[in-house]
Structure formats: structure tokens, C-alpha cells
Undergrad: 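Take this structure first; my questions come after.
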Amino acid sequence: MTSQKLDALVDGVCRGESALIAETLGRVEDTRPEALPQQRTLLGRLENETVPEHGVVGLTGPPGVGKSTLAAALIRHWVDEGLSVGMVAVDPTSRRSGGALLGDRARLRPKPDERVFIRSMATHDQLGGLAPATRAAVVVLRAAFNWTLVETVGVGQSEVDVETVADSVVLVLQPGSGDTLQFMKAGILEIPDVLVVNKWDLGALAQSTRADLESILSIAPGSRPEWSPPVLGVSAQTGEGVAKLAAALREHRSYLEGSKELSRRRCTSRVAWAMELFSLRYGTYGLERLGGPEATRSLATEISGTALDVFSELATRAGLPA
Amino acid sequence: MADRPWIFRTYSGHTSAAASNRLYRTNLASGQTGLSIAFDLPTQTGYDADHSLARGEVGKVGVPIGSIEDMQTLLDEIPLQHMNTSMTINATAAWLLALYIALAERTGVERKALQGTTQNDLTKEYLSRGTYIFPPEASLRLTTDIIEYSVDEVPKWNPINICSYHLQEVGATPVQELAFALANAISVLDAIEVPKEKLPYVFGRISFFCNSGVRFIEEMCKMRAFTRMWDQIGRERYGVDDPALRRFRYGVQVNSLGLTEVQPENNIPRIIFSTLGATASKNARARSIQLPAWNEALGLPRPWDQQWALRIQQILAYETDLLEYPDLFEGSTVIEQKVAELEAGAWEEIQRILDMGGAVAAVESGYMKRALVESNAARLAAIEAHERIWVGVNRYQESEPSPLTRDGAGGVLLHDSRAQREQIERLQAHRIRRDASEVKAALRALHDGVSNGQNVMPLSIRCAHAGVTTGEWANTLREIFGEYRAPTGVESPLQLRSGDETVAEVRRRVAEISGRLGRRIKILIGKPGLDGHSSGAEQIAIFARDSGLEVVYEGIRLTPEEIVNSAQQEGVHLIGLSILSGSHLELVPAILERISVPLIVGGIIPEEDAEKLRAQGVSAVYTPRDYDIHRVIREMVEIAARAHGVD
Ligand code: B12
Ligand SMILES: Nc1nc2c(ncn2[C@@H]2O[C@H](COP(=O)(O)OP(=O)(O)O)[C@@H](O)[C@H]2O)c(=O)[nH]1
Ligand SMILES: [Mg+2]
């Protein structure tokens with residue numbers, strides 16, 4: 001890639017130009033090893049150019065609770081406020097065929113004349129509810145849009161990866177799903193910054209679900225004492241409560257910016273990404289060369305630059321090709 | 001005594017109200033005994049002829065009705081008091097019925113004398129037919145408004161025709177057809193608010209529109225099962241004591257899904273066998289029948305094609321001895337066993353749906369749509385694997401040249417390209433002529449009244465008299481209810497042709513090309529325009545995923561701009577469009593000129609048009625003769641590979 005091309009892509013992304021964002025995403029999704037160097041440059045430049053106020057919100061929760069519908073409602077709300085939105089929607093890959101049906105877009109139905117950009121992705125072999133290129137795509141979209149949304153596949157229990165990609169995590173549940181207990185057991189309730197009981201239009205059942213959640217949270221408060229996660233009743237279908245959710249996200253954003261939490265999260269996310277790349281490429285063998293997973297992780301925390309820079313540095317230190 | 005023949009209908013309408021009026025009068029003169037009106041898609045989905053979404057669709061698959069003036073032209077010199085008029089109209093049913101009533105009032109015919117049917121069944125629109133506008137709850141409210149109004153005001157009218165026809169057309173099994181239609185009827189009846197003593201009468205006004213396929217023994221058993229189950233529902237659930245009110249009254253259009261593009265003359269025997277399913281058993285015989293034409297899969301029928309279909313009915317009714325006997329199957333244990341089996345399966349499925357909260361809930365959750373898409377996929381997989389024989393398509397493909405399709409234009413009705421322009425001119429002239437202040441007042445009354453829970457019918461009749469247009473009426477309700485997107489049903493992870501070497505081979509090739517591209521081949525399946533034929537798109541999407549592709553599918557009714565936007569944002573390697581409404585020559589160029597991704601098109605595309613499309617840059621065109629879908633996918637993969645230089 002020539003440096004002119006690079007400039008054009010970076011400028012285009014930052015200006016929010018669809019065609020160039022799409023092209024950039026295509027480049028960062030490329031899994032061929034020879035694509036890595038240009039990805040490193042591209043993502044490094046984009047990280048540097050990103051306006052710090054741009055936020056990333058993760059939507060997680062079991063399938064069918066209404067994450068996509070809620071995303072559509074949030075997008076509508078933000079667009080009406082004059083804000084721009086990017087989104088990564090993740091769907092599962094069929095293990096048998098390797099194919100995937102990327103269906104979230106059907107609920108989102110963005111209008112071509114709005115500043116909304118949606119990219120659907122499939123999980124491939126990756127666990128944790130994200131697609132392999134989600135993290136890179138988030139860097140691209142965050143450079144372009146006021147808000148970036150990430151909808152994970154609704155696997156339920158193991159979806160903890162979303163906290164390493166989003167600044168604010170919204171756990172979406174539905175009335176009477178009976179999942180709350182399971183979530184508590186799996187420690188998932190410690191992750192979200194905001195909890196949503198969606199399908200609020202269903203009435204009494206929704207209210208009792210919220211009450212259940214609130215009592216569980218009061219016993220086991222979130223890991224961060226300065227922020228206690230609100231539990232909101234929302235109907236993605238009627239729009240009730242969507243403004244409150246947007247306000248809660250705004251507030252969480254201010255909290256992040258006013259504390260060290262934002263930079264801590266971005267650092268966790270960079271390390272998680274670098275570790276993911278490193279173990280994907282070099283496996284246990286690579287990790288052992290750096291003294292095991294824990295040692296590698298703390299080493300990674302000390303290295304500066306983007307996740308891809310961290311990855312290269314780890315590789316170099318392990319004496320492996322970067 | 002010999003049974004009276006059923007009502008003979010031909011489903012028709014095209015170009016303009018005037019042209020359709022001529023057609024109806026000819027048909028009535030040649031012995032047809034009722035009208036069955038086909039409306040164009042803008043009229044069905046509530047758009048005026050000059051709306052951007054109506055582009056290419058005005059007067060194409062039916063007649064455009066924009067206001068009371070068009071209705072007047074359509075029925076000119078047809079005596080409404082003697083006519084039995086069936087209108088295939090759903091989301092805008094209240095409006096078209098209002099126009100019909102207003103016209104009757106204008107011409108001095110009493111409402112109480114009007115006879116006919118508004119289809120008015122929205123559940124099957126979400127599941128199959130696709131011309132819905134509003135969310136399910138709002139639709140149900142409009143449906144029940146029409147019923148509640150007509151039982152008093154237009155007592156001979158069938159205010160709703162619960163449809164199982166369209167379910168079979170998307171692949172429903174006989175049990176699904178029974179269960180989904182009856183669960184749907186229950187959801188409507190449960191929602192109706194009338195005094196308790198009136199309910200039996202309302203029950204008796206509910207009629208059905210069913211399908212009958214080529215497996216005519218089973219189909220006849222299905223019709224008998226319908227009859228018995230409806231009787232039981234009436235007795236047990238709604239306390240209807242009068243057996244006459246519990247009678248299962250139904251019309252039929254025979255199966256069209258099984259009619260083929262190749263060797264189209266074979267469709268005539270298919271149509272005849274299918275008709276037997278709905279006529280053979282006297283106790284479960286259809287009240288009215290409309291038959292498709294031999295050229296069903298080629299395009300719209302011409303008058304001669306429709307005449308042939310009508311003659312089939314006349315020969316069956318008047319030349320054969322069918323109508324001279326009482327029920328032929330009473331007492332047959334073989335038949336009884338089959339009927340019982342279908343009933344048992346259907347009761348079980350109905351219970352499942354009721355446990356989910358009824359038909360509306362089972363639509364919203366996507367349950368019913370998924371089940372239908374799965375049945376259709378199973379059907380197509382069996383055809384592809386030659387487990388199910390389809391004469392002329394996957395067996396006995398060799399054929400002498402057919403004299404039927406030899407002479408020019410492929411043997412179908414050609415669309416009048418002036419239709420849209422002329423309709424827009426008429427509409428605009430009408431808008432100038434009418435009293436603007438009365439239009440405004442009528443629309444305001446509609447808006448306020450419907451918002452406050454008043455019955456939509458009187459408000460709509462006032463709008464009709466005032467000269468309100470179809471688009472204005474629908475937009476007013478859109479403001480109140482919002483618009484809806486139904487579930488697409490394609491998410492379910494299906495197992496198609498497991499262990500098959502062809503499939504394994506496609507998947508290998510997909511993996512190989514994807515490796516060279518640096519990411520999985522990703523495609524977008526798009527449905528531009530108002531066309532609601534979703535099955536082709538759904539099945540291509542499912543088979544593509546089964547072949548290892550990543551597939552973006554957003555459902556029906558997208559503008560070319562939306563499709564281009566999605567394709568670009570998603571970074572797809574190929575776009576596949578599915579168009580069956582005949583608007584490909586308008587819609588495809590609108591997409592081609594906006595994006596440089598390789599593009600293929602499938603649907604009802606005559607060969608002359610396919611050539612034009614290829615000349616414009618379309619990479620390939622597929623039609624119903626391409627039954628081996630995995631092979632089609634394999635070709636798509638090669639097209640994508642070539643276009644991206646990795647073949
Ligand atoms: C089933 C059917 C319906 C169903 C549709 C249900 C649904 N959700 O899809 C119902 C009963 C609802 C219906 C309704 C109508 N229908 Co219809 N219908 C048919 C019928 C009988 C079969 C279509 C079908 O589903 N085939 C099965 C699927 C799997 O096949 P397919 O779509 O052809 O796809 C294959 C290929 O074409 C190709 N392909 C298709 N798309 C794509 C896309 C890609 C990317 C690729 C690679 C390949 C590909 O591959 C597929 C596999 O072989 C056809 C006639 C016929 N026999 O073909 C008429 C037909 C298409 N209908 C027609 C009409 C007019 C209507 C109505 C508009 C009537 C009216 N006035 O109200 C309505 C309204 C529908 C609407 N909302 O738009 C006309 C269209 C006329 C024209 N083009 O000139 C036809 C041709 C019948 C006729 N002769 O009148 N219909
Ligand atoms: N009643 C109700 N249904 C909803 C609401 N939000 C979503 N749904 C329905 O829940 C189902 C799943 O929604 P979807 O957004 O696809 O869920 P996801 O799998 O979590 O992305 C769909 O049938 C939606 O129509 C809501 O607020 N109220
Ligand atoms: Mg979703």
C-alpha cells in the first residue's frame with residue numbers, strides 16, 4: 001500500500017465515507033499473513049487519529065432477547081440527536097458448512113441517507129461471542145463515528161470477550177427468562193455496566209424480572225465501587241425507555257472519562273487482542289517461550305502502541321517472526 | 001339430486017381499471033360466474049402510482065386502484081347487486097371495501113345486497129404473501145374492524161378469507177396447512193368483540209381459501225379434515241349450535257408451486273389432478289374455484305390461457321358425472337384413516353401454537369415462518385437429490401419442441417409500458433378535481449377516529465366519497481401504527497443433503513477460494529421493489545450458507561439504494577437479486593449503475609430479457625428450471641472468484 005493510499009483511507013474513514021470505510025474493513029478482515037504489515041500501519045494510524053470522545057458500546061445477552069431490535073432503536077435515537085453510528089453485528093458460523101447467515105441487518109434496516117454504517121460478521125471458530133475481525137473493525141468504526149455498537153452472538157455463558165472490546169457493556173435480558181440465576185453463577189453479572197430488561201411492553205413479568213435483578217445486584221455489586229450498574233426497563237419495540245438507556249450510556253461515558261477506567265479498559269482490550277493474535281499464531285509453544293500465559297500478559301501490558309504493535313513486540317521477544 | 005356446480009372464477013386484473021373492466025366483461029360473457037380481482041402491488045401495499053416504490057409496478061401484476069374513480073371504471077356496467085366479487089386484498093382491505101361500498105352507494109345499490117369477499121388475512125401475509133404494512137396487533141385490529149362492521153352492514157359479505165393457499169405455496173405440508181390456518185382463524189375469532197349471542201353468526205361468516213396440490217388423494221383428505229376440525233372448533237370453542245353456521249366454506253386455487261417452466265404443457269394435467277382434491281368429495285367440496293393457467297411459471301396469462309383454465313372447470317362440472325353422486329368416500333376406511341392421521345397431527349400443532357400465545361405470537365417470534373421455510377427447503381433438497389420426481393424438471397427432461405411457446409413473446413401477457421404513466425396522469429387529474437378541504441377533513445377524521453379506537457370502515461367510506469387516494473389512506477394509518485418487518489425465517493440451521501459428495505465438493509471449493517480472498521466469500525441476497533415472492537431468495541440464502549458462504553439477507557421490499565448501501569457496507573463479493581414480479585428490467589439497471597460488485601439475477605425472467613440483462617453486465621440469470629440449487633451456488637462461487645481474480 002502506498003503512503004498516498006494509506007492517507008486516503010485514513011482520511012476517508014475519519015470523514016465517515018462509506019466506500020473507504022468498507023474498503024478499510026475489507027483490508028483489516030484479511031486473514032492472509034501478508035496482509036498483517038499494512039494492517040498494523042493502518043490500525044496504528046486510525047488509533048492515533050480517533051477523537052477520544054467516540055464511544056464503544058457492547059450489546060450482549062442470550063439469543064432472541066432483542067439485541068438487534070434494541071440496537072435499531074438506539075441507532076434511531078442517536079441519529080435523531082444528530083449523531084453518527086457504526087456497528088458490528090456478529091452471527092454464528094455453522095460448524096458443518098463453515099457458512100453463516102448474517103441476519104441482524106434485517107432488523108436494523110438502516111436508511112442509505114443516514115450516517116449509519118453496519119458490518120455483519122461471523123464467528124468462525126472463535127469462542128466468546130465475537131468474530132476474529134471484530135476488534136479491528138471497532139478501531140476503524142470508532143475513528144469514524146460518534147458511537148460504535150457491537151452486538152455479540154447470544155451464546156449466553158461464555159460471552160465475556162465483549163468487555164475487552166467495548167467501553168460500556170450492556171447486558172440485555174428478557175422478562176422471565178430464568179437466565180438471571182445462571183448469569184450470576186457464571187459471573188456474567190459482574191461484567192455489564194448497564195442492564196436492560198427488554199420487552200418491557202410485556203408488563204408485570206418484566207417488572208418482576210427487574211426486581212429480581214436488582215436484588216441480586218444489591219448482594220453482589222459490580223466490581224467497581226464508583227459505578228453501580230443501573231437496571232433499566234426498555235421496550236425496543238415501542239421505544240419506551242430507549243432515551244433512558246442512551247442517557248445511562250452517556251453517564252457511563254462521563255464516568256469513564258472522569259476516571260482512569262477508560263484508559264484501563266482500552267489497555268485491557270489491547271492486551272486481550274494482542275494475546276489473541278499471539279496464541280492464534282504461536283499457540284502454547286509461543287506462550288511458553290515467554291514464560292507462560294501470565295508472564296506474557298504482564299509483558300504485553302508494558303508494551304505501548306496498538307495491539308498489533310504489541311503482538312509484533314511479543315513475537316520478536318519470543319524470537320518468532322512478527 | 002345433482003350437486004350445483006361451484007362458482008367459476010379467474011383471478012385477473014392488469015394495466016388499468018378500464019382494461020380490466022373490458023376483461024371482466026368478456027369473462028362474464030364466456031360463462032364465468034364471479035369476479036376475482038387481482039390488484040397491483042402498489043395498491044396492495046398502500047402506495048400511490050407516483051410513489052418511488054411503485055416504480056415499474058403500476059398495473060403490472062394486477063389492476064391499479066388509486067381512488068373511487070378507478071373503482072368506478074373497474075366495475076362499469078357490471079351490476080354489483082348480482083355480482084359475487086372476490087378481492088385479493090389484505091393490508092388495504094378496509095380501503096378497497098370502502099371504495100366498493102361507496103361505489104355501490106353512488107350507483108344506488110344497497111350495501112345489504114353486496115356479495116363477495118375481502119381476503120383480509122394478514123397472518124398469511126407475514127408468513128407468505130408479503131403485502132403487509134402494519135405490525136401484527138394493528139393488522140388484527142383492522143381485520144376485526146372489517147368483520148365487526150360487515151356482519152351488521154354488509155351481511156352477505158365474507159369479510160375475511162382465512163388462507164391456507166399461500167402456505168402450501170411456500171412449502172407447507174398438509175398438516176401445517178391445516179394447523180396454521182385454523183390457529184389463525186382462532187386468533188381472529190378470539191379478538192372479535194361482538195355481543196355473545198352474535199358470535200355464532202360471525203363464526204358462520206368466516207370463509208377459507210385453500211390449496212389443493214397434485215397429490216390429490218391426500219389433498220381431498222385434508223379438505224375433509226378441515227371440514228371436521230372447523231365443525232369441532234365451532235361447537236367446542238365457540239358454542240355454535242347451528243350446524244349450518246359451522247360449515248367449512250372454502251374457495252380454492254389449485255397449487256401453482258408445482259407448475260413448471262419447462263414443458264409447460266404438463267401443467268394442464270397437474271392442474272386437473274389438483275382440482276380433484278377440492279371437488280371429488282361432495283361433503284368437502286369447494287364453493288368456488290380458480291385455476292392457474294398452463295403458462296403459470298412463464299409469466300402472466302393471456303385471455304386465451306385463462307379461457308383454457310376455465311374450460312377445465314366447465315368440463316369437470318358439466319361433462320363428467322362428478323356432480324351426480326353423493327359423497328363417494330363416506331365409509332371408506334382407507335380415507336378415514338388418512339383423515340384421522342392429518343387431524344391428529346394438526347390438533348397437536350394447533351395446541352403448540354396456542355401454548356405460545358396464538359398465531360400472532362407465533363408470527364412475531366418467527367416460529368411459523370421458520371417452520372415453513374424448513375418444509376420448503378426439505379422439498380427442494382428432495383427434488384435436487386432426485387428423491388422426489390418432478391416430470392420434465394429432474395426426470396424426463398427430453399422434449400420435442402413445444403408449439404405452445406414457439407411463436408414469439410414466450411406465450412405470456414405483455415405488460416403495457418404506458419400503464420404507469422397513464423395511471424399517474426389520471427391520479428394527478430383526480431387530485432386536482434376533488435374538493436381538497438373535504439379530503440383533508442376526511443383524512444383528519446380517519447386519523448383521529450382510528451387513534452381513538454373507532455371502527456375504520458365508516459371513516460374510510462367517508463374518505464372514499466371524498467376522493468382520498470390509496471396512498472393517502474395508507475399513509476394516515478402508517479402514521480398511527482408504524483410499519484413492520486416480518487421475520488425472514490432463514491436463521492434455522494438446517495441439514496440439507498448430508499453426506500452428499502456434490503455438497504462436500506462445493507464446500508471445498510468455497511474454502512479454497514475464501515483462503516485466496518483472505519476472508520470467507522460473502523454474498524448479499526437482495527429483493528428489490530415491492531415483489532413479495534421471498535421463497536427463491538430464502539432458499540438460495542439457505543443453500544448458500546449450507547455451501548459454506550456468508551450470506552446477508554434482509555427480507556423483502558428494499559429500494560435499489562438500500563441494496564447498494566448494504567452491499568457496500570458489508571463488503572460482499574457478489575450480489576444476487578431475486579425478482580419474480582416481472583420488474584427486472586426496471587430494477588436491475590438501477591442497482592448495476594450504482595455499484596461494481598458482480599451481480600446475478602434469479603426469478604421469472606423470460607429468455608429475451610435474460611439476454612438484455614447479460615448485455616447490461618449481469619453475470620448470470622437463473623430461472624425455475626435451475627432446480628439443482630447447490631449447482632447454482634457452485635456457479636455463483638466461480639463468478640465471484642473470477643471477478644476477484646482468484647479463480
Ligand atoms: C409461490 C408463488 C407465490 C407465493 C409466494 C410466496 C413467497 N413468499 O415466496 C404467493 C402465493 C404468496 C404468491 C403471490 C403472488 N404472486 Co406468485 N407465484 C408463485 C409461483 C407459483 C412459484 C414461485 C416460487 O416460490 N417458486 C419456488 C422458488 C424456490 O423458486 P423461484 O423463486 O423461481 O427460484 C428459483 C429460480 O428462479 C432461481 N432463483 C430465484 N431467485 C434467485 C436469486 C438468486 C440469487 C439465484 C442465484 C437464483 C434465484 O433459483 C431458484 C431455485 O430453482 C410463481 C409461478 C411459478 N410456478 O414459478 C408465481 C408468480 C411468480 N406469481 C405471480 C404473481 C402475479 C403473484 C401476485 C403478485 C398476484 C397478485 N396480483 O396478487 C401475488 C403477490 C405476491 C407479492 N407480494 O409480490 C406471477 C408473476 C408474474 C410475472 N412475473 O409476470 C407468477 C409468475 C405466476 C403467474 N404466472 O401469474 N405467489
Ligand atoms: N414484545 C417485544 N418483543 C421484542 C422486543 N424487542 C425485540 N422483540 C422481539 O424479539 C425477537 C428477537 O429479537 P432480536 O432483536 O432478533 O433478538 P436478538 O437475537 O437478541 O438480536 C423478535 O421477534 C423481536 O420482534 C420488545 O421490546 N418487545
Ligand atoms: Mg441479533
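Throughout, protein chains are lettered first and strands after them, A, B, ... in sequence-line order, and every chain is numbered starting at 1.
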Undergrad: Taking the side chain from B:Glu550 and the backbone from A:Ser120, do they hold a donor-acceptor pair closer than 3.5 Å?
TA: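 Not at all, since once roles are kept as given, no pair shorter than 3.5 Å links the two residues.
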Undergrad: Looking at B:Glu554, B:Arg545, B:Gln569, which one has more heavy-atom pairs under 4.5 Å with chain A than the rest?
TA: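 Max contact count across the listed options: B:Gln569.
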Undergrad: Counting only non-hydrogen atoms closer than 4.5 Å, does A:Val88 touch chain B with its backbone (N, CA, C, O), its side chain (CB onward), both, or neither?
TA: neither
Undergrad: If I measure from the heavy atoms of chain A, does B:Ser566 come under 4.5 Å with its side chain, its backbone, both, or neither?
TA: both
Undergrad: What part of A:Ala19 is in contact with chain B, defined as an atom under 4.5 angstrom from a non-hydrogen atom: side chain, backbone, both or neither?
TA: both
Undergrad: Looking at A:Ala22, A:Gly64, A:Pro112, which one has more heavy-atom pairs under 4.5 Å with chain B than the rest?
TA: A:Pro112
Undergrad: Hey, could you give me the CG/CD distance between A:Asp104 and B:Glu491, rounded to the nearest 0.5 Å?
TA: 9.5 Å
Undergrad: Using every non-hydrogen atom in the two residues, find where B:Arg485 and A:Ala106 come nearest and quote the distance to one decimal.
TA: CD-O, 4.3 Å
Undergrad: Evaluate A:Arg109 against B:Leu558 for side chain to side chain contact (heavy atoms under 4.5 Å, CB included), listing each step before the verdict.
TA: CA-CA 9 Å; A:Arg109 286 307 276 266; B:Leu558 293 133; 3.3 Å; yes
Undergrad: Give the minimum heavy-atom separation between B:Gln568 and A:Ser18, together with the two atoms involved.
TA: OE1-CB, 3.4 Å
Undergrad: Starting at CD1 of B:Ile542, measure out to CG of A:Leu101 and round the result to the nearest 0.5 Å.
TA: 7.0 Å
Undergrad: Taking side-chain hydrogen bond (donor to acceptor under 3.5 Å, both in side chains) as the cut-off, I'd like each qualifying pair that reaches into residues 517-526 of chain B, sequence neighbours left out, listed once.
TA: B:Lys522-B:Glu570
Undergrad: When rounded to the nearest 0.5 angstrom, what is the spacing between CZ in A:Arg105 and OG1 in B:Thr488?
TA: 14.0 Å
Undergrad: Between B:Leu517 and chain A, with a heavy-atom cut-off of 4.5 Å, which part of the residue counts as in contact: side chain, backbone, both or neither?
TA: backbone
Undergrad: With only heavy atoms counted, which part of B:Ile556 is less than 4.5 Å from chain A, the side chain, the backbone, both or neither?
TA: backbone
Undergrad: List for me each residue that meets side chain to side chain donor-acceptor pair (under 3.5 Å) alongside A:Glu34, sequence neighbours excluded, and say none if there are none.
TA: none
Undergrad: Quick one: does any side-chain atom of A:Arg32 pair with a main-chain N or O of B:Arg516 as donor and acceptor, under 3.5 Å?
TA: yes
Undergrad: Flag the one option from A:His124, A:Lys111, A:Glu23, A:Arg107 with the top tally of heavy-atom pairs under 4.5 Å to chain B.
TA: A:His124
Undergrad: Side chain, backbone, both or neither: which part of A:Ser94 has a non-hydrogen atom closer than 4.5 Å to chain B?
TA: side chain
Undergrad: Using non-hydrogen atoms and a 4.5 Å limit, figure out which bit of A:Ile118 sits close to chain B: side chain, backbone, both or neither.
TA: both
Undergrad: Show the nearest heavy-atom pair for residues A:Arg96 and B:Arg507, with the distance to one decimal.
TA: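 Closest approach of A:Arg96 to B:Arg507, heavy atoms only: O-NH1, 3.7 Å.
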